[in-house]
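Structure first, then comments.
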Amino acid sequence: MAEIRRLLDTLLPHPRADHDPVTHALNWSAWRSHRQAIARHCHYQKRSSGHEPLLEY
């Protein structure tokens with residue numbers, strides 16, 4: 001939902017003249033997708049390691 005909001009935000013005018021909102025939104029979306037892919041990979045790798053973490057009380 002937040003990504004859709006950010007992409008739609010590019011349609012609104014921004015006060016800075018040197019800021020290209022379309023380029024910024026596309027770059028941010030690509031960066032976020034990349035980070036999510038890294039997190040997903042790490043999550044799957046950790047869960048497939050074959051052992052449960054030791055819990056200490």
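- Between the S29 side chain and the A25 main chain, no donor and acceptor come within less than 3.5 Å of each other.
- The closest donor-acceptor contact from the side chain of S48 to the backbone of Q45 lies under 3.5 Å.
- With contacts defined as side-chain heavy-atom distances shorter than 4.5 Å, the pair R35/I38 qualifies.
- The distance from the CZ atom of R40 to the OG atom of S33 is 8.5 Å, given to the nearest 0.5 Å.
- By the 6.0 Å contact criterion, CD1 on I4 is open, its count of non-hydrogen atoms from other residues, nucleotides or ligands being 12 or less.
- To the nearest 0.5 Å, atoms CD (Q36) and NE2 (H41) are separated by 15.5 Å.
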